[in-house]
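Counting starts at 1 for both ligands and their atoms, following the listed order. FYI, side chains are in, hydrogens and waters are out, and symmetry mates aren't considered; it's all heavy atoms of this structure.
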Amino acid sequence: MTTLTHKISSGKNVLITAALPYANGDLHVGHIAGAYLPSDIYARYLRLQGVNVRTVCGSDDHGVAMVLAALKESSTPAAVSAKYHARQKAALEGIGINFDIYGATSRNKFHTPLSQKFFKKLFDQGCFTKKSSEQYYDSAKASFLPDRFVRGTCGYCGTKEQNGDQCENCGKELDPTVLKDARSVLSGEPVTLKQTVHWFLDLSKFQAQVAHWLDQAIIRQHTRSYVKGLLAQGLVERSMTRDLDWGIPVPLEDPDAQGKVLYVWFDAPIGYISNSMELAERLDGNPDAANEWWNSDKTDVYHFIGEDNTIFHTIIWIAMLAAEGDYCLPRGVIVNHFLNFQKPGSEVEKMSKSRGTAVWISEYLAGGGAPDVLRYALAIIAPEESRSVFNPADLVARNNSELGATIGNLFQRIIQFTRSKVSPEIPASDPARFTDLDKQFMATLQRCHEEVTADMNDFHFRDAITKLLEFGRVCNRYVDEQAPWKMIKVDPEQTKVSLAMLFNALKFLAVALAPFLPDTTEKMAQMLGLSKDERLWAQASTPLPAGRELIEPMILFPRIEAEGDQK
Ligand SMILES: [Zn+2]
């Protein structure tokens, strides 16, 4: 049984969110491959399908990570988050990922009241237990240490230098009983444990609701199995408050709540809603119009995230929404795995800021890298079913041998040849002259359209782009077999048939590649003179009418000289 057999329900609006990145650093290719590119590909696809879509993202400005970043940069969390927010937004837009809103949880005016209202509603319903618990404490600094101020060795898999909340390697939650050799990030000293009061959400109360949601949700098989495994182990209580002076104050009269803030993972997903409100205020003139997207059976909500956010989106957030009751549960949570990194001649490593094993989006763009080439290189190795490896040296081969040689060259040679040897416009062809090979080629195009549509509906973007590249190869083989440059000398009419077939193929590629290569397909559409309607997904495999004037073809994927190439 395949898990993702999703047909787009006609007439439904779709709200797409991508994980809110912490505003404490720049974005690298791993972030893009995990949540942002897949969400953008899906949004662009749905829009071509005529679906009413809103895309929501933004920076996650709260939490311990921000306080740590401010400490490190001798700055304030507010300043640090504003700085990285702007850089993240620029990087995303630089590679064609334009969310309808890229909000900021610390500056969105709806966010604090909404998060506090959300917390208070759960509190009033008796969802929280106030408990004294042992918390990491730094005696040298006389300060409680939230999870990320503590680093140690994962007691499950032995990975060193893990944060005190979750192991980056095995994904398991860590607590003082599991984390070994725990040290304070503030002083570097071993930590002690001290009593403090917090409000705990007992997730086990929502076990049945989460399990029920999981059964119906659009979710990848690996995610389903993973979450089922967690549910089988039984859910536990989790503290939803923190001892921290940056964040959203706990909205309770209780003196014990003084100086405490909401756990960042409590307020971050609420950011999807508060950012939707900011967007609704802008687009509809009324922030409450966001309810039409969050509390309506006319809308499906999809969250796109990386694997490290799985527990928060598939368990805690679902429990929070079920408890609050005013919003629909998400239709799907699409989880990608991590992207590992491999420098030429080196071992495969985890992508890591501290080890310098990453490609930064801003650096890639500043170095003249084409957005579409990076989008393609990440889509074709998308870590959808398992982790995959990004090797920066592959970018050259992906551009030159795949995009350039297969797709770019096809457009170039067909349009060039037609203009110089046949006619200045797309030639008319006589269907009576279609050969078996032509009919076979048309059937392949049709089949590719159907298969790619199924892949896109099922969130199998890697399969879709792989099939489109393969179709490009089929086209090139067809050109070689037909050899129009020879055929034109003996049978000009038959040559026009072959060219008409190929122009249909070019049109198909110009439409079907659009979710992946937005800049390039813009040029393709221009070269073929495609109208807005002709660029709709449903029209991708309909023939391109004859008689349209052809303009001088553009070079779609300029060759990249690899280091060491002859100049
Ligand atoms: Zn581990």
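Residues satisfying the salt bridge (Lys or Arg N to Asp or Glu O under 4.0 Å) criterion with K83, sequence neighbours excluded, are E73. The salt bridge (Lys or Arg N to Asp or Glu O under 4.0 Å) check on E134 picks up nothing, with sequence neighbours excluded. Under the rule for a salt bridge (Lys or Arg N to Asp or Glu O under 4.0 Å), the partners of R387 that lie at least two apart in sequence or sit in another chain are E307.
A cation-pi arrangement is present between K350 and F338 under the rule of less than 6.0 angstrom and at most 45 degrees off the ring axis.
Around the Zn ion (ligand 1), the protein N, O or S atoms found under 2.8 Å comprise C154 SG, C157 SG, C167 SG, C170 SG.
Side-chain atoms of Q135 come within 3.5 Å of backbone atoms of L145 as a donor-acceptor pair (strictly under, hydrogens ignored).
Between Y42 and F461, the ring planes lie tilted relative to each other; the angle falls in the 30° to 60° range.
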